[in-house]
Protein chains: 2
Amino acid sequence: MTAVQPQESKRQRAPSKRSLATRERVLDAAEAVFALRGFEGATIRDIAAEAGVPVGTIHHHGGGKEALFHQTIARRAETLSRARLSAIQRVRAEGPMTLEAVLAAFIRPFFELTDQDGGWRHYARLVAFVSVDDRWRALSAKFFDPTAEVFFAELLALLPRASRPQIAESFVFSVSAMLALLTSRERIGVLSGEDAAQEDQIDHLIRFCAAGLRG
Amino acid sequence: MTAVQPQESKRQRAPSKRSLATRERVLDAAEAVFALRGFEGATIRDIAAEAGVPVGTIHHHGGGKEALFHQTIARRAETLSRARLSAIQRVRAEGPMTLEAVLAAFIRPFFELTDQDGGWRHYARLVAFVSVDDRWRALSAKFFDPTAEVFFAELLALLPRASRPQIAESFVFSVSAMLALLTSRERIGVLSGEDAAQEDQIDHLIRFCAAGLRG
DNA sequence: TGTTAGATTGAACAAATGTTCAAAATAAGA
DNA sequence: TCTTATTTTGAACATTTGTTCAATCTAACA
């Protein structure tokens with residue numbers, strides 16, 4: 001789909017530093033607004049205002065609202081996948097697999113990224129939106145399913161006595177629990193009346209899913 | 001907020017049978033379209049077309065888009081709450097509480113209603129949308145939190161050794177897993193390569209959450 | 001430094017959307 | 001049956017929204 005660059009034709013320029021900076025501002029703004037208001041709830045003008053650029057710029061870099069949404073999801077997807085895959089690689093290298101280690105390799109990287117960068121927090125909400133809305137099924141399939149398959153295979157190998165459908169169900173339960181923790185910490189705090197440390201919550205999430213997977 | 005009816009003023013009529021039927025058609029249509037496209041993605045005209053009525057009718061019965069959304073959530077919320085509360089009452093009456101029984105009382109009624117009536121399936125998607133979107137927090141609080149508190153209290157009593165925050169976390173994980181099963185059966189089927197019976201999946205969900213809660 | 005591909009800007013446009021409204025149709029109650 | 005409160009209908013309206021575009025500006029490259 002991306003334009004192929006002919007050998008000898010019009011010269012083509014590298015994007016300027018300013019252009020790249022603008023593109024990033026646009027994507028940051030899109031991420032924030034989409035996360036707050038959803039796809040249809042967000043307007044190009046909201047995003048432009050958030051980015052501090054005129055509306056035309058959004059289209060110039062985004063290429064239409066839907067394409068902009070795609071880019072917003074795509075921008076961080078590979079970073080997340082790589083972090084997860086390298087985490088599972090590390091686990092593999094370190095010796096005997098455990099359920100907790102596999103789950104941690106899937107779950108922890110997302111939280112670590114979320115801690116580092118405010119944009120990742122918006123991204124987490126965005127992923128939660130995408131995962132609950134069937135209209136974005138294709139997006140999920142493209143950006144998240146491949147990595148999910150790797151971890152699913154790992155679970156299958158680790159739980160030979162459980163049936164394949166059961167592991168699939170448990171995996172989906174675990175992912176949704178993870179997204180709930182990523183997006184609903186405040187709600188949990190209200191329900192319990194106090195705010196727990198995130199580290200404890202993540203440990204607990206991993207224990208919860210491991211126990212559930214073991215049955 | 002509803003208009004107080006003065007003792008002696010203009011006579012007031014009961015809604016006609018036809019009017020009630022129209023209102024139901026409107027809410028059915030709203031439920032389906034909101035579930036498919038989300039709040040902003042749905043249009044009054046989509047809903048009117050789905051209901052087979054002119055646009056004006058939607059406002060006459062719905063009272064604006066946001067009020068219509070409220071009504072759509074509200075219409076089935078009490079049925080669901082009552083089903084859950086009477087299920088937990090039955091469990092209480094039957095003797096010693098178990099974790100599985102409490103979870104079943106929370107989870108099973110939703111699936112049973114979903115099996116009976118196609119509209120409930122749309123409603124489940126709608127609830128998933130609402131629960132992932134902070135803009136509807138007040139709606140959740142009004143229609144779902146009171147019942148959730150009852151079950152949360154039950155879990156607290158049943159797990160005296162666990163901390164309150166841990167139980168709150170586990171409860172939120174469990175609810176999100178339930179919503180995942182309600183809305184993502186197809187995705188689970190694709191992942192596992194076969195379609196499990198829903199009854200087995202529900203049993204598994206309850207076991208998963210119970211194991212997670214026990215730690 | 002001069003040339004020019006690419007980036008920025010904001011006005012303009014057509015389509016879609018939520019809402020309003022007045023006239024016509026309907027049925028509940030006297 | 002007659003009266004009249006409700007309900008139904010669809011046209012009309014003001015906004016909002018995604019998108020387009022031509023003019024202007026900027027900086028990469030020769």
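Each chain gets a letter, A, B and so on, in the order the sequences are listed, and its residues count up from 1.
- In this structure, F69(B) atom CZ and dT19(C) atom C1' are separated by 19 Å, rounded to whole Å.
- For the pair H61(A) and dT8(C), the criterion of a side-chain N or O lying under 4.0 Å from OP1 or OP2 is met.
- Remark: side-chain polar atoms of R185(B) are paired, donor with acceptor, to backbone N or O of A196(B) under 3.5 angstrom.
- Atoms CG (L20(B)) and P (dT7(D)) sit 9 Å apart, rounded to a whole Å.
- With T147(B) contributing its side chain and F144(B) its backbone, the two residues share no donor-acceptor pair below 3.5 Å.
- Between dG18(D), dG18(C), dT9(D), one nucleotide has an atom nearer to the side chain of T57(B) than all others, and that is dT9(D).
- Rounded to a whole Å, the NE2 atom of H59(A) is 17 Å from the C1' atom of dA22(D).
- For residues 37-56 of chain A, proximity to DNA chain D is found at A42(A), T43(A), I44(A), R45(A), defined as any non-hydrogen atom under 4.0 angstrom from a strand atom.
- One can place NE2 of H60(A) at 14 Å from P of dA5(C), the figure rounded to the nearest angstrom.
- Note on R76(A) versus E31(A): salt bridge recorded, some NZ/NE/NH1/NH2 to OD/OE distance being below 4.0 Å.
- Minimum atom distance to the side chain of T22(A) is reached by dT8(C), of the listed dT19(D), dT8(C), dT8(D).
- Rounded to a whole Å, the CD1 atom of I58(A) is 13 Å from the C1' atom of dA7(C).
- When the P atom of dA16(C) is taken as reference, atom NZ of K65(A) falls 15 Å away, rounded to whole Å.
- F34(B) pairs in a ring pair (Phe, Tyr, Trp, His ring centres under 6.0 Å) with only one of the listed residues (W136(B), F129(B), Y123(B), F69(B)), which is F69(B).
- Using a 4.5 Å cut-off on side-chain heavy atoms (C-beta onward), R92(B) and I88(B) make contact.
- Within the model, atoms NE2 of H61(B) and CD of Q71(B) stand 9.5 Å from one another, a figure rounded to the nearest 0.5 Å.
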